[in-house]
Amino acid sequence: MPPHDDTSPVGLPAGSVRRPPPARATRSGGGGGRPDPRRPDPRTAKRADRGRTTASRTGDGPKVSARPAGKKRGKGKRTAKQKRRRIYKVLASLVVGGLVLLGVFVGVVYANTTVPSLDDVSQAQTTIVYYSDGTTEMARLGSENRIAVTLDQVSEPAREAILAAENRNFYDDPGISITGIARAAWNNLTGGSTQGGSTITQQYVKNTLLTADQTFSRKFQELFLAVKLDNNYSKDEILEGYLNTIYFGRGAYGIQAAAQTYFGVDASALTAQQGAVLAVLVRSPSAYDPANNPEGSQDRWGLVLDGMVEQGWLSSGDRSASTYPAVLPVTGSSLGLPDGPEGLIVQQALAEMQTRLDLTQDQVLSGGYRITTTVNPTYQQAAVETVNSVMEGEPETLRQALVAVDPRTGAVLAYYGGTSGTGFDYAQAQRPPGSSFKPYAMATALEQGIAINSRRDGSSPQTFPDRTQPVRNSGAPPAPPARWCRR
């Protein structure tokens, strides 16, 4: 063996592998020494491995830095799409909840709604008109011409004409019209004209079981009663009651009285053309009476016949051959109007009621109202006596009228328009009365020392210390209208 120096380095034999020295025991194992930097510390390797992606652990991708120790993972910020979904969920929950509450409300109200027997429905009530004292009666209105008949006593063409004008789907609807109600509600909310959107069942309920007030509460009552009435009675029973209670004008309540009043026949003998005339009157008896509005009534009459053709109730040939039937003249039915001059006062008061309260003639006459006018009974008697005494011995061709008005309020205190309460009202005749007062004004001025050639300020309007209302010249803005009824 050749000699060698123990201090000289000796290389590893070829093919041999140098083994690393064994790691020193840790303190927990009772040994000392430093860890081998070439081997990972088992205590930290697991934590470090959590901070890498799968790619970094396998060596196939970039290394990702570990998340700082001690921080918990929190929820990320919601995206716009997630926010929209959340809003939609909340809105959907509100809608579903509202529908559930509405369903409960409808169910409770429907269960508590009581429909009276059709034999006990209320009929028209008497409306009373008073003088200004509120106790002296001027007239009792609404004396009815009503003859009840069964449905088979009404001709089929007449029934179909009524349905064509008022409710073509009567036999198929549930008693109410959803589209009509929605249209009417929208029109009312947007400030349009008042509309009903009513079926025949709703009209029957309104005319017999409820008032005509245009309120939402009354409308809700009408809907529930109409549905329940439709469930409790047959369509024929409802139509029979409706035809016996509807007002056709000229004091005629029910289709039997109307047939006799307008054509002198029974309801069973009505033709399609005659039935169409009566069907037109249902909406507004006074406005579409052939005696008052022949052109308007005939136009709507044609539309009713066209509707019958569309429903297959009238052939096209019969429609083309149809002519407007002859209608009897007005017989002077007064509906309780006084025969004397006071009858004209009552007519003026009724007209004001219809305008101010948006009522139909039927509603005023049969609604059981108590109307107190502004007419003083003492002044009215004096006015009638004065006219009679002044016109005594005068020719019959002369006409007279007298109206006494309180200039402070515009209230009519006395009124005379003619001797007949159902005749022509000469107080409404349009005549220029100004020139007839000139001689009296000039004579009064001369008595007071005012010369004929004196001049005055003629601008309009003029105010004077002895009156509250201004005086206006002809052609100036009109004064407030006269009032007939006390507010």
Side-chain angles (χ1 to χ4, degrees), residues 123-127 139 141-149 154 158-159 161-167 193-196 198 200 202-204 206-208 211-212 214 239 241-265 267 270 273-305 324-337 343 346-355 357-369 422:
Q123 305 296 339
Q125 302 180 57
T126 300
T127 293
L141 306 175
S143 55
E144 298 179 3
N145 175 18
R146 186 195 303 272
I147 305 173
V149 293
V154 181
R159 282 181 269 162
I162 297 292
L163 295 177
E166 295 300 313
N167 189 182
S193 59
T194 303
Q195 294 183 0
S198 300
I200 279 180
Q202 288 176 255
Q203 292 181 45
Y204 184 43
K206 181 179 67 176
N207 294 337
T208 58
T211 65
Q214 293 293 336
L239 183 59
Y242 175 79
L243 293 176
N244 280 321
T245 55
I246 198 69
Y247 181 60
F248 289 91
R250 299 190 186 183
Y253 287 84
I255 195 168
Q256 172 69 5
Q260 295 177 346
T261 299
Y262 287 90
F263 302 108
V265 300
L270 288 170
Q273 291 73 24
Q274 292 171 332
V277 173
L278 299 182
V280 169
L281 297 171
V282 173
R283 178 170 297 185
S284 180
S286 59
Y288 290 110
D289 189 319
N292 301 332
N293 185 9
E295 183 178 352
S297 61
Q298 291 186 30
D299 287 344
R300 285 194 54 79
W301 172 81
L303 294 177
V304 173
L305 292 181
Y324 197 82
V327 178
L328 296 177
V330 180
T331 59
S333 173
S334 63
L335 297 174
L337 293 176
V346 174
Q347 291 192 52
Q348 292 294 334
L350 295 180
E352 182 176 331
M353 283 280 292
Q354 294 179 48
T355 301
L357 302 182
D358 192 23
L359 299 173
T360 65
Q361 185 185 48
D362 176 29
Q363 293 166 352
V364 176
L365 292 176
S366 60
Y369 290 96
T422 58

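Only a predicted model underlies this, so the values are computations on that prediction, with no experimental measurement involved.
Judged as a side chain to side chain donor-acceptor pair (under 3.5 Å), and not counting sequence neighbours, the contacts of Gln203 are Glu166, Tyr242. Ala165 pairs by the side chain to side chain contact (heavy atoms under 4.5 Å, CB included) definition with Ala279, Val304, not counting sequence neighbours. With sequence neighbours excluded, the residues that form a side chain to side chain contact (heavy atoms under 4.5 Å, CB included) with Leu357 are Met353, Leu359. Applying the side chain to side chain contact (heavy atoms under 4.5 Å, CB included) test to Ala291 and every residue at least two apart in sequence or in another chain returns Arg250, Asp289, Val330.
Side chain of Thr127 to backbone of Leu141: no donor-acceptor contact under 3.5 angstrom is found. Using modelled atom types, one side-chain atom of Ser297 and one backbone atom of Pro294 make a donor-acceptor pair closer than 3.5 Å.
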Verdict with reasoning, Val277 to Tyr324, per side chain to side chain contact (heavy atoms under 4.5 Å, CB included): CA-CA 8 Å; Val277 173; Tyr324 197 82; 3.8 Å; yes

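At a threshold of 4.5 Å between non-hydrogen side-chain atoms, the residues Phe248 and Val282 count as touching. Taking 4.5 Å as the limit, every side-chain heavy atom of Ile255 sits out of range of all side-chain heavy atoms of Ile246. In this structure, Val149 and Leu243 have side chains that are not in contact, with every pair of non-hydrogen atoms separated by 4.5 Å or more.
Nearest heavy-atom pair across Thr261 and Ala252 is OG1-CB, 3.7 Å. Scanning all heavy atoms of the two residues, the minimum distance from Ala139 to Val346 falls at CB-CG2, 3.8 Å. Across all non-hydrogen atoms, the minimal contact from Leu281 to Tyr262 is CD1-CZ, 3.4 Å. Considering every non-hydrogen atom in both Ala276 and Ala161, the closest pair reads N-CB, 3.7 Å.
Sorted pairs that involve residues 277-287 and meet salt bridge (charged side-chain N to carboxylate O under 4.0 Å, His left out), not counting sequence neighbours, are lacking altogether.
To the nearest 0.5 Å, the span separating CG on Leu239 from CD1 on Ile162 amounts to 8.5 Å.
Ring-plane geometry between Tyr247 and Tyr253 is classed as tilted, the angle between the planes lying from 30 to 60 degrees on a 0 to 90 degree scale.
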